[in-house]
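Residue numbers start from 1 in every chain, and the chains themselves are labelled A, B, ... in the order their sequence lines are given, proteins ahead of strands.
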Amino acid sequence: MVRDITLGQYLPGSSFVHRMDARSKILLLTASVVFIFLCFHFASLLIMTGFTFLVLLGTRISLMKYLKSLRGVLLVIVVTGLFQIFYGSGEPLFEWYFLKVTMNGLVSAAFIVVRISILMMISATLTYTTSPTDLTDALEWLMKPLKLVRVPVNDIAMMMTIALRFIPVLLEETDKIMNAQKARGADMESGNLFKRIKALVPVLIPLFVSAFRRAGDLATAMECRCYDSGAVRTRMKVMRFGWRDLCALLICLTVYAAVLCCGRWLPSVF
Amino acid sequence: MSVIKAEGVTFVYGQGTPFQKTALDDVSFEMREGEFVGLIGHTGSGKSTLVQLLNGLLRPTKGKILIDGNDIWQNPKKIRQVRFKVGLVFQYPEYQLFEETVAKDIAFGPKNMGLPEDEVEKRVQKAARFVGLREELMEASPFELSGGEKRRAAIAGVIAMDPDVLILDEPTAGLDPLGRDALLDQIVSYHKVRRNTVLLVSHTMEDIARIADRIIVMSKGKNVLFDDTRKVFSQGEELEKIGLQVPQITKIMMMLRKNGFPVDSSVLSVEQGFQEIISCLSSD
Ligand SMILES: Nc1ncnc2c1ncn2[C@@H]1O[C@H](COP(=O)(O)OP(=O)(O)O)[C@@H](O)[C@H]1O
Ligand SMILES: [Mg+2]
């Protein structure tokens, strides 16, 4: 059933990371991603890996969930890993036709694989622990500086909020229309590709009609309440930078400093 | 000969997820060929779920749906045949309209059945007449019709498949009182001509009381009553306990009876009530 698709990936909870401010989560995540790419030493990579697992623990979401999130990029990880093995420079450990495996290649392959994996897992924490509405609110706040160059930040944020709000509604509607057409004998499960695409027409047309009708109704309702995108309004849920965010910031700064120190005083492995 | 039968049907939405919800709990009943059955119950009592199970859009979590004695899920590949046999008109069916013209939209079902062109044409005309769609509307776009006309067009789309069992899920929801009565009358006269089995879902007692032979009462996923219409409505207290209203006239008669007037309290229409009161008064 269409409805069974989990919306986004938000997993409600009340862990430390769940209760952090969405803005600090986005900023710290971005910084952490940069620092993952600044790791050129075993020590610093180890630090970032440890940090990643600390964050994962702080979400109180089972590790299996995160491993599953890696499944989608497994192919990418494997392929880049293999390329790295054969593209290393230096003395070959062994050769097979034109393929050369070097120590350097093995090391950089291991680096790439670990890097992509922790990158994916630490990014997943953001969407797993932040509701879509909090996420758009935070993005709106972070995009504020763009107002200076006349980017309509409020409108963009409103559009994102509305889109998110209506995804479940439209999914439910799709489900309903599909069932109604199936009841009239529509066959959506068999036939070749062309036939299947054609079978979607009786679902898509009513879906579009209803989406436009909804959009019109919503626009009218907003007009009636004198909605003005430029108006300054207060929020129901005020975003607050709390003690958790301060703790997280301090931990991150320590970790980043450690990574930088490794870069300063240890020789690069490449 | 029973046409359609449910045996201990249980249905759970989203099994194994945190949102798991038992919508039907061990429901059994049997409909006879050619009868007009009403299905009533509160919003959320599982009516829509039940009707989707009856035509194989949902598969029972436990239990069986039998048509002429055969389990409809015996061969899941043949489930489309079941849907041709058991026609289902969804709640607010006007959302299913999609074709360029009303005639083409009504023809969608019969065409899916693989009928020849002229047979399809014949069925479209007949179905349109049953629901009272005017001839000149047939070439109009379904999106230009009024709300009531859209509803009729959508119902015609299922009637055109000529199902042995016709199920209508709250066909009068959102219509004005006049349109509601007209549509119900058309469904009744369709049933009189076609003589197939009809299951009408509704949460308004007045509608059902007037036209159904037998009534299934659902409450919280269970069928609590299944009996002749009069017998069901004579159990007024029982119905009120599960939050259902008996028709107003039945209520008046029940109150008269309570106050010592020897009237029959199982009347279902104002007409009958009038006769009953007259005969009661004149017998004194
Ligand atoms: N697609 C669905 N997914 C999950 N729960 C559902 C779904 N459809 C209905 N339900 C739930 O099942 C119960 C029965 O619903 P339904 O059969 O639509 O009742 P009715 O038609 O009598 O109003 C309700 O509690 C409803 O919330
Ligand atoms: Mg319903």
Part of [X] lying under 4.5 Å from any heavy atom of chain A:
X: B:Q52; answer: side chain
X: B:Y92; answer: neither
X: B:M113; answer: neither
X: B:Y95; answer: both

As an exercise: rank A:I205, A:V201, A:I177 by heavy-atom pairs under 4.5 Å with chain B and give me the winner.
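Answer, by heavy-atom pair count under 4.5 Å with chain B: A:I205.
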I'd like to know which of A:L207, A:D187, A:L204, A:V209 tops the heavy-atom pair count under 4.5 Å against chain B.
A:D187
Does [X] have more than 12 heavy atoms from other residues, nucleotides or ligands lying within 6.0 Å of its [atom1]?
X: B:E117; atom1: CD; value: no
X: A:E223; atom1: CD; value: no
X: B:K85; atom1: NZ; value: no
X: A:F208; atom1: CZ; value: no
X: A:R213; atom1: CZ; value: yes
X: B:E100; atom1: CD; value: no

Looking only at heavy atoms, which two atoms of A:A180 and B:Q96 are closest? And how far apart?
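That would be CB-OE1, 3.5 Å.
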Is there a donor-acceptor contact under 3.5 Å from the side chain of B:N112 to the main chain of A:R184?
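Yes, the answer is positive, given that a donor and an acceptor are paired below the 3.5 Å cut-off.
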Quick one: does any side-chain atom of B:R83 pair with a main-chain N or O of A:G185 as donor and acceptor, under 3.5 Å?
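Judged by distance alone, no pair lies under 3.5 Å.
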What residue, out of B:I79, B:D105, B:L88, has the most heavy-atom pairs lying under 4.5 Å from chain A?
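Of B:I79, B:D105, B:L88, B:D105 has the most heavy-atom pairs under 4.5 Å with chain A.
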